[in-house]
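Indexing begins at 1, ligand by ligand and atom by atom, following the structure's order. Worth knowing before you read on, the calculation uses all heavy atoms, side chains too, and leaves out hydrogens, waters and symmetry mates.
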Amino acid sequence: MAGEDRERWDAKHRALGTGTPLPPDALRGHLDLVPDRGRALDVACGRGAVAVWLAGRGLDVVAVDVSPAGLAAGGELATAEQPPGRIRWVEADLDDGFPVEDGVYDVVVCQRFRAPALYPALAAAVAPGGLLAISVLSEVGDAGGRFRAGPGELVRAFGELEIVAHHEDAGEAHLLARRPPRET
Ligand SMILES: C[S@@+](CC[C@H](N)C(=O)[O-])C[C@H]1O[C@@H](n2cnc3c(N)ncnc32)[C@H](O)[C@@H]1O
């Protein structure tokens, strides 16, 4: 990512300041599926609203973003909320690849950050029985543009997982998917 893009995200996050914990959009209506222990990964976590929410459920979270200001706001939110789960904040540029090598996660979230090159790594990061919650801007119900997913992009990309819910409308696409539990 170019330096000025990072500065733009920093300025945006700084202007918005500390947020509030929020579940990921793709999990709306399915919160009962979220485990209360285990590991979660939040890719492009912004100001940490989802990461802190997941930690509030009891999950230990790795939260990755390129913006130091976003990560700092996440840290402040975690300090204020004192969630039971731990959060590791990782500053990394996802344009350089997937920075998280340490195994698989019970919940993987990627929200409002569309990076098709990372879709295989996101799928591979979902543990057996784990959930993927992903949301991107979509051409469906919008004028389109190079940052938006075409119709069916998420379903095609994550076809190896079981689709729990998929929704494309009003310029957004949400997918909730699960990797089947390992057979014993
Ligand atoms: C629209 S925000 C979404 C933040 C959060 N996921 C949410 O739903 O509130 C997009 C985030 O992606 C981050 N981002 C953009 N490009 C990135 C990159 N190349 N590597 C890591 N993070 C990036 C930005 O810093 C920003 O926090």
Working for side chain to side chain contact (heavy atoms under 4.5 Å, CB included), residues Phe113 and Ser135: CA-CA 8 Å; Phe113 174 72; Ser135 307; over 6 Å; no

Hey, mind stepping through Gln111 and Asp25 against side chain to side chain contact (heavy atoms under 4.5 Å, CB included) and telling me if it holds? CA-CA 8 Å; Gln111 176 162 288; Asp25 294 344; 3.7 Å; yes

With side chain to side chain contact (heavy atoms under 4.5 Å, CB included) as the test, would you mind laying out the steps for Glu91 and Arg6 before giving the verdict? CA-CA 11 Å; Glu91 183 185 326; Arg6 182 191 300 241; 3.1 Å; yes

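Pairing each heavy atom of Val104 with each of Ala127, the nearest pair is CG2-CB, 3.6 Å.
The shortest N/O to N/O separation between Asp65 and ligand 1 falls below 3.5 Å. Considering backbone and side-chain atoms alike, Val66 places an N or O below 3.5 Å from some N or O of ligand 1. Between Asp42 and ligand 1, no pair of N/O atoms sits closer than 3.5 Å. The shortest N or O to N or O distance between Val43 and ligand 1 is not under 3.5 Å. At least one N or O atom of Ala44, backbone or side chain, sits closer than 3.5 Å to an N or O atom of ligand 1.
Near Asp95, the atoms of ligand 1 lying under 4.0 angstrom from a non-hydrogen atom of the residue are 19 (N). Each of the following atoms of ligand 1 lies closer than 4.0 Å to a heavy atom of Ser67: 25 (O). Of all atoms in ligand 1, numbered sequentially from 1 with element shown, those under 4.0 Å from a heavy atom of Asp93 are 18 (C), 19 (N), 20 (N). Every atom of ligand 1 is numbered from 1 in the order shown, and the set under 4.0 Å from a heavy atom of Ala92 is 20 (N), 21 (C). With ligand atoms numbered from 1 in the order given, ligand 1 contributes 18 (C), 19 (N), 20 (N), 21 (C), 22 (N) to contacts under 4.0 Å with heavy atoms of Leu94.
At least one heavy atom of His13 sits less than 4.0 Å from an atom of ligand 1. The closest approach between any non-hydrogen atom of Ala115 and ligand 1 is not below 4.0 Å.
Under the 4.0 Å criterion applied to side-chain N and carboxylate O atoms, Glu76 and Arg47 are not assigned as salt-bridge partners. Using a 4.0 Å cut-off between charged side-chain N and carboxylate O, Glu162 and Arg178 make a salt bridge. Of the charged side-chain nitrogens involved, none lies within less than 4.0 Å of a carboxylate oxygen, so that Glu172 and Arg112 do not count as a salt-bridged pair.
Linking Ile, Leu, Val, Met, Phe, Trp and Tyr residues whenever their side-chain heavy atoms come within less than 4.5 Å leaves Val50 and Val43 in two separate clusters.
Looking at Arg39, Arg37, Arg86 one by one, the single match for side chain to side chain donor-acceptor pair (under 3.5 Å) with Asp60 turns out to be Arg86.
Looking at Cys45 against ligand 1, only its backbone comes within 4.0 Å, counting heavy atoms.
From the protein, the heavy atom lying nearest to atom 3 (C) of ligand 1 is Gln111 O, 3.6 Å. Among all non-hydrogen protein atoms, the one lying nearest atom 16 (N) of ligand 1 is Met1 CE, 3.0 Å. Atom 7 (C) of ligand 1 has its closest protein heavy atom at Arg112 NH1, 3.6 Å.
You'll find the side chain of Val107 stays beyond 4.5 Å of the side chain of Arg57, heavy atoms only.
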